[in-house]
Amino acid sequence: MAGLRTVGAIALTLAVLAALHTDVTHMVAGAMAAMVATFAIREKDVRGQAVTLALGLPVALAAVSLAALLHNMVIAGDLFFIVLIFGAVYSRRFGDRGTALGLIGFQIYFVSLFVSATVSSLPLLYATLAIAFACSAVVRFAIVPETPERVLGRLRDAFRARLAQLVDTQAELLDAEPDQLEKVLDDLRRGTARLHETALMIQGRLEEGTRDPATAALVQRRVADAEIAAERLGVLLLNARSAERADTLTLHLPHAPVPEPSKRLYADGDATATLRRDLNALHLLVARPVSGGRGTALAHLRNRLLAYRDEDNLPRGSAAVQDVFRGIGEAARAVMGLRVALDGPQDESDDTPATTRSREELDAEDLAITGSEQDEDDADDRTGLQRPTTRAAFQVAVGSSLAIVGGEFLSSQRWYWAVLTCWVVFLNTASTGEILVKGYRRLLGTVFGVVAGVALAGVVGNHTWTAFALVLLFIFAMFFTAPLSYALMSFFVTAMLGLLYTLLNTYSLDVLVLRIEETALGAACGIVAAVLVLPVHTDRRTDELLSTVLVRLGDVVSAAVEQLSGGPAVDLLDKARDLDTALEDLRASTKPLTHPITPLRVRRQTARYLVALLETCAYHARSLAATAELVPYSKTIAADPRLERAGVRIAHNIGVIDAHVRDEKTGGEVQAGASIASMLEADGTGALRSGTVTFRVLRHLQRLDEGVVGLARPLDVPVAGRRR
């Protein structure tokens with residue numbers, strides 16, 4: 001959508017400028033200004049977007065005016081450019097609006113350098129910028145509108161599609177041959193991760209995209225239920241077709257050993273055929289839209305799957321196979337709740353007693369969800385040079401100064417390419433390692449983009465509109481590939497610039513080679529600045545985020561266990577999503593450590609293992625939170641005070657590991673010992689029956705306990721009673 005909106009704004013700007021018989025130079029300036037005015041604004045609400053766009057025009061006019069006035073003042077122009085860069089980066093501390101205005105100021109100044117703006121050309125440039133911003137507004141608010149409700153609607157559809165894809169992959173897992181199992185497992189991991197990513201995106205849009213907090217809380221609850229049920233179904237299927245109980249870590253650790261297949265799933269052909277049929281039915285329930293979901297056939301499928309929630313309706317089979325049928329029933333319930341939350345009340349004329357019971361449970365949960373939200377102050381309390389925006393501003397200013405000096409030696413006309421690269425490698429990065437990887441990827445994309453630019457320049461020749469059409473295509477490709485590959489995005493940027501040089505009649509092979517040299521110089525200057533000026537080493541950044549994840553994990557587990565033990569009700573799903581957000585930040589920060597160019601192979605494997613283990617812990621914590629939220633109003637789930645004992649050990653272990661990560665000399669040790677289930681059974685309650693809610697809670701607690709203890713080894717935390 002961002003690509004369509006940007007391309008639409010550029011195309012409309014070019015059409016208006018062409019109708020006014022504007023020369024090619026100002027058409028290029030208008031196209032670049034329209035692109036900046038469109039992609040710089042990231043605010044979620046329409047009113048905020050309009051205000052920022054209105055403020056962006058005077059900022060752009062001021063930037064182009066100063067660029068023209070300083071055109072012949074080399075030293076003064078360079079000094080102002082450095083000040084502008086510092087201000088543009090520092091303005092990020094003021095949120096989306098500050099970030100957008102800083103980006104507009106910097107990019108329009110860069111456009112002015114690109115088209116060699118002078119004082120005499122200012123009136124026409126003013127008109128060009130005004131047209132570009134007006135066209136951006138028309139496309140944004142009229143032609144390709146983006147409202148929080150529309151975005152949330154698309155994300156809801158995407159979640160449904162991702163859920164259907166995951167169920168489809170789970171059906172493939174059921175029938176996968178041993179030599180196909182590794183590939184299916186990779187698909188299952190990818191599908192689970194993408195479903196989780198979509199759930200996080202929905203979480204970020206709920207506040208603005210729903211009419212009231214109660215509706216937002218309801219959608220959040222149903223999305224979380226569906227995500228947890230789908231992931232649990234995958235674990236149960238994997239366990240059913242494995243020779244031993246499968247570890248949840250298998251779903252989160254890339255290249256994890258493939259579990260040894262078992263024949264127990266296929267011992268009863270009727271049960272396997274029924275599983276295959278029911279997985280296809282679940283896929284149909286997820287994928288079929290409500291408008292096309294009327295009728296007796298779909299209701300019959302839904303009723304049959306929901307009946308598996310009753311023990312008496314489970315098909316014959318081993319305990320592991322029956323667990324899969326229970327998982328299908330719980331997934332069908334979650335899908336029904338999701339459809340009600342997203343699409344409103346459904347037809348109940350064909351409900352069976354099992355379906356009616358599920359609806360009553362959902363209705364009771366819905367009534368218990370209130371709109372009360374506690375606002376948490378997440379503001380960064382760091383000040384001065386400790387503030388990330390301040391530190392980044394100084395780093396970029398120093399790096400840009402080096403890039404200007406070095407760029408002038410390479411070319412007195414194109415030096416600003418080095419500055420642009422230095423600026424870009426600092427965007428959305430927070431450590432030296434991230435900057436190094438980003439600089440390498442940009443250089444790689446630039447080299448291949450130059451090769452493409454050479455070929456395209458010869459093909460396009462003097463065909464202006466053909467060149468503009470390719471520019472639009474490459475801009476869309478740039479936006480489309482940005483989330484997938486930074487190197488690929490840089491390729492399209494460089495290829496597009498080659499076409500712009502052709503339009504300005506300044507294209508030559510020397511210019512494109514200079515582009516590579518300036519890019520390499522800018523990346524090097526950015527890396528030098530990141531290493532020497534207020535550096536944030538990757539290890540330090542990773543440790544800070546790891547500590548945050550551990551704190552959030554401890555919060556979720558402690559609150560969930562307290563509620564499961566009969567404590568007061570709190571908003572557990574919000575705590576779980578805070579954990580997910582922190583884990584996503586940690587995963588991003590470890591990318592330099594897990595990148596293929598990283599020479600430290602053992603370190604790369606350790607980072608992957610830690611993230612996968614934390615993802616496994618987060619899954620079990622989410623499941624506990626979802627179950628605990630049902631305790632206050634459920635007729636089938638009762639609080640058990642004995643669970644409090646189980647939570648104490650887990651909370652202690654998380655605290656010990658967190659203190660070790662923060663390098664606090666506490667001398668504590670991680671406690672490992674008897675299983676949590678055996679701790680409770682010691683009270684004389686007897687064995688726990690598989691399939692019950694208590695058994696499920698204890699299984700999540702046990703896996704969580706094992707996962708937390710497992711974190712101790714790679715982090716070199718001492719474990720009580722364990723010898724090296």
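- Taking CG of L545 as the start and CD of E584 as the end, the distance is 11.5 Å to the nearest 0.5 Å.
- Side-chain atoms of S547 do not come within 3.5 Å of backbone N or O of D543 as any donor-acceptor pair.
- With hydrogens and angles ignored, the 3.5 Å screen pairs a side-chain donor or acceptor of Q395 with a backbone N or O of V533.
- At a threshold of 4.5 Å between non-hydrogen side-chain atoms, the residues L704 and H700 do not count as touching.
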message: Does E544 form a salt bridge (Lys or Arg N to Asp or Glu O under 4.0 Å) with R540? I'd like the steps, not just the answer.
response: CA-CA 6 Å; E544 290 177 352; R540 174 186 161 192; 3.4 Å; yes
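- Annotation: side chain of E330 is not in contact with side chain of D225 (no heavy-atom distance under 4.5 Å).
- In this structure the side chain of V223 never reaches within 4.5 angstrom of the side chain of L206, judged on heavy atoms.
- Residues satisfying the ring-ring contact (aromatic ring centres under 6.0 Å, His included) criterion with Y609, sequence neighbours excluded, are absent altogether.
- Between R160 and L163 there is no side-chain heavy-atom pair separated by less than 4.5 Å.
- A salt bridge does not link R552 to D555: none of the charged nitrogens lies less than 4.0 Å from a carboxylate oxygen.
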field: Stepwise salt bridge (Lys or Arg N to Asp or Glu O under 4.0 Å) test for D323 and R326
entry: CA-CA 5 Å; D323 277 345; R326 292 188 189 96; 2.6 Å; yes
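- Although no hydrogens or angles enter the test, the distance criterion places no donor-acceptor pair under 3.5 Å between the side chain of R649 and the main chain of V670.
- Across A331 and A229, no two heavy atoms sit closer than the pair CA-CB, 3.8 Å.
- A distance-only check finds no donor-acceptor pair linking the side chain of R162 to the backbone of R194 [under 3.5 Å].
- Using modelled atom types, one side-chain atom of K44 and one backbone atom of G204 make a donor-acceptor pair closer than 3.5 Å.
- Within the 4.5 Å cutoff, the side chain of L701 has heavy atoms near those of the V561 side chain.
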- request: Go through the steps for L174 and Q170 under the test side chain to side chain contact (heavy atoms under 4.5 Å, CB included), then give the verdict.
  value: CA-CA 7 Å; L174 183 67; Q170 290 168 347; over 6 Å; no
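- Between G399 and C525, the shortest heavy-atom contact is O-CB, 3.5 Å.
- With sequence neighbours left out, the salt bridge (charged side-chain N to carboxylate O under 4.0 Å, His left out) criterion links R190 to D187.
- Applying the salt bridge (charged side-chain N to carboxylate O under 4.0 Å, His left out) test to every pair with at least one member in residues 609-624, sequence neighbours left out, gives these pairs: E227-R622, E231-R622, D580-R622, R587-E615.
- For the atom pair CG of L532 and CD1 of I527, the computed distance is 11.5 Å after rounding to the nearest 0.5 Å.
- In terms of modelled atom types and a separation under 3.5 Å, the side chain of H660 and the main chain of L715 share a donor-acceptor contact.
- Heavy-atom minimum distance, L572 versus A560: CD2-N, 3.7 Å.
- With values rounded to the nearest 0.5 angstrom, L233 atom CG is found 13.5 Å from I228 atom CD1.
- Side chains of V528 and V531 form no contact here, defined as non-hydrogen atoms less than 4.5 Å apart.
- The two residues A618 and L583 make their nearest non-hydrogen contact at CB-CD2, 3.9 Å.
- Side-chain atoms of L610 and T590, non-hydrogen and from C-beta on, never get closer than 4.5 Å to each other.
- Atom OG1 of T519 is separated from atom CG of L444 by 12.0 Å, given to the nearest 0.5 angstrom.
- Interatomic distance, D168 CG to L279 CG, rounded to the nearest 0.5 Å: 9.5 Å.
- Residues L711 and N653 form no side-chain contact, since every pair of their non-hydrogen atoms from C-beta on lies 4.5 Å or further apart.
- Here the CG-CG distance, from L614 to L579, works out to 8.5 Å after rounding to the nearest 0.5 Å.
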- request: Before giving the answer on side chain to side chain contact (heavy atoms under 4.5 Å, CB included), spell out for Y619 and R232 the whole-Å C-alpha distance, their side-chain angles and the decisive distance to 0.1 Å.
  value: CA-CA 9 Å; Y619 159 68; R232 179 170 176 265; 3.3 Å; yes
